[in-house]
Amino acid sequence: MTQYPIVKEEPIDWKMLQQLTSSLLNDCGYQTTIEKAIETVRGTVEVDVYGEKKGAYNTMILCECKYWNSLVPQTVIHAFRTVVEDSGASQGIIISKTGFQKGAYEAIKKSNVSLFTWKEFQDAFKMEFVQKIIDLNFKKGHEFRSKA
């Protein structure tokens, strides 16, 4: 079965990775801000992409975008885990151009931090994206039927 990513283009720099990450989360129903300063118990920290979805259960996602030519080390993961925990975020996500060092995967065990390449990030949000499209179409269909 062929899989189609939500966003087909590959980012060409760190800025584009942030913009595409924000755009994808918006398409899934999140309100996003690029390079947002957030308050944590230890002070103010800036995250690359901030996403929030309001509902019965409010969801806050913090994303770090690493457009590096090297694998992201575990020290970066530990620092980000602290930010996620100290901010009260529901989920933390690091998106890497090239991937992660072996120790990085050990560093996320028993945490609410996920590690993705750009393609993996798109795949992870595919079902949320599809659900958003279904909900929008259902709402529009209901509006059309109500006017008939």
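Side chains included, hydrogens not; waters and symmetry mates left out as well; all remaining heavy atoms used.
Connection of Tyr30 to Tyr50 is not established within any shared hydrophobic cluster, with ILVMFWY side chains joined at heavy-atom distances below 4.5 Å, either directly or through further cluster members. Taking hydrophobic clusters as Ile, Leu, Val, Met, Phe, Trp and Tyr residues chained together by side-chain heavy-atom distances below 4.5 Å, Ile94 shares a cluster with Val45. The hydrophobic clustering, which links ILVMFWY residues whose side-chain heavy atoms are closer than 4.5 Å, places Leu17 and Phe100 apart. There is a path of hydrophobic side-chain contacts, each under 4.5 Å, that joins Ile95 to Trp14. Transitive grouping of hydrophobic side chains (ILVMFWY, heavy atoms separated by less than 4.5 Å) keeps Ile93 and Met60 in distinct clusters.
Listed here is the closest heavy atom pair of Leu115 and Ala104: CD1-O, 3.7 Å. For Glu64 against Val47, the heavy-atom pair with the smallest separation is OE2-CA, 3.4 Å. Minimum interatomic distance between Gly92 and Val84 (heavy atoms only, all atoms of both residues): CA-CG2, 3.7 Å. The two atoms that bring Asn58 and Gly55 nearest to each other are OD1-N, 3.1 Å, heavy atoms only. Between Trp118 and Pro11 the shortest heavy-atom distance is CD1-CD, 3.5 Å.
Atom-to-atom distance recorded for Ile34:CD1 and Glu46:CD is 11.0 Å, nearest 0.5 angstrom. Of the inter-residue distances, the one linking Ser96 atom OG with Glu120 atom CD reads 9.5 Å to the nearest 0.5 angstrom.
Formation of a donor-acceptor pair under 3.5 Å by the Ser111 side chain with backbone atoms of Ile108 is found in this model. Side-chain atoms of Lys53 come within 3.5 Å of backbone atoms of Cys28 as a donor-acceptor pair (strictly under, hydrogens ignored).
Identified under the side-chain hydrogen bond (donor to acceptor under 3.5 Å, both in side chains) test for residues 81-90, with sequence neighbours left out: Arg42-Asp86.
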Q) After noting the C-alpha distance and the side-chain angles of Val49 and Thr33, does the key distance pass the side chain to side chain contact (heavy atoms under 4.5 Å, CB included) rule? A) CA-CA 6 Å; Val49 179; Thr33 306; over 6 Å; no
Q: Decide side chain to side chain contact (heavy atoms under 4.5 Å, CB included) for Thr59 and Gln91; before the verdict, give the C-alpha distance in whole Å, the side-chain angles of both, and the deciding distance to 0.1 Å.
A: CA-CA 8 Å; Thr59 303; Gln91 181 72 38; 5.8 Å; no
Q.
Let's go through Leu24 and Gln122 carefully: what are the C-alpha distance in whole Å and the side-chain angles of both, what is the deciding distance for side chain to side chain contact (heavy atoms under 4.5 Å, CB included) to 0.1 Å, and is it a yes or a no?
A. CA-CA 8 Å; Leu24 187 149; Gln122 293 176 85; 3.7 Å; yes
Q) Hey, mind stepping through Thr21 and Cys63 against side chain to side chain contact (heavy atoms under 4.5 Å, CB included) and telling me if it holds? A) CA-CA 8 Å; Thr21 298; Cys63 298; 4.0 Å; yes
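Considering only residues two or more places apart in sequence or on other chains, Lys15 meets the salt bridge (Lys or Arg N to Asp or Glu O under 4.0 Å) condition with Glu35. Remark: Lys102 pairs with no residue by the salt bridge (Lys or Arg N to Asp or Glu O under 4.0 Å) rule, at least two apart or across chains. Taking the salt bridge (Lys or Arg N to Asp or Glu O under 4.0 Å) definition, one finds that Glu39 meets it with nothing, sequence neighbours left out. Scanning for side-chain hydrogen bond (donor to acceptor under 3.5 Å, both in side chains) contacts around Asn26 gives Thr32, with sequence neighbours left out.
Taking the six-membered ring where the residue is Trp, Phe116 and Phe121 present tilted rings, their angle falling between 30° and 60°.
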Pair up each side-chain donor or acceptor in residues 70-79 with any protein partner under 3.5 Å, not counting sequence neighbours, and list the distances.
{"unit_1": "Gln74", "atom_1": "NE2", "unit_2": "His78", "atom_2": "NE2", "d": "3.2"}

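Taking 4.5 Å as the limit, some side-chain heavy atom of Glu9 sits within range of a side-chain heavy atom of Leu20.
For the residue pair Asp48 / Gln18, a side-chain donor-acceptor distance below 3.5 Å is found, with atom types taken as modelled.
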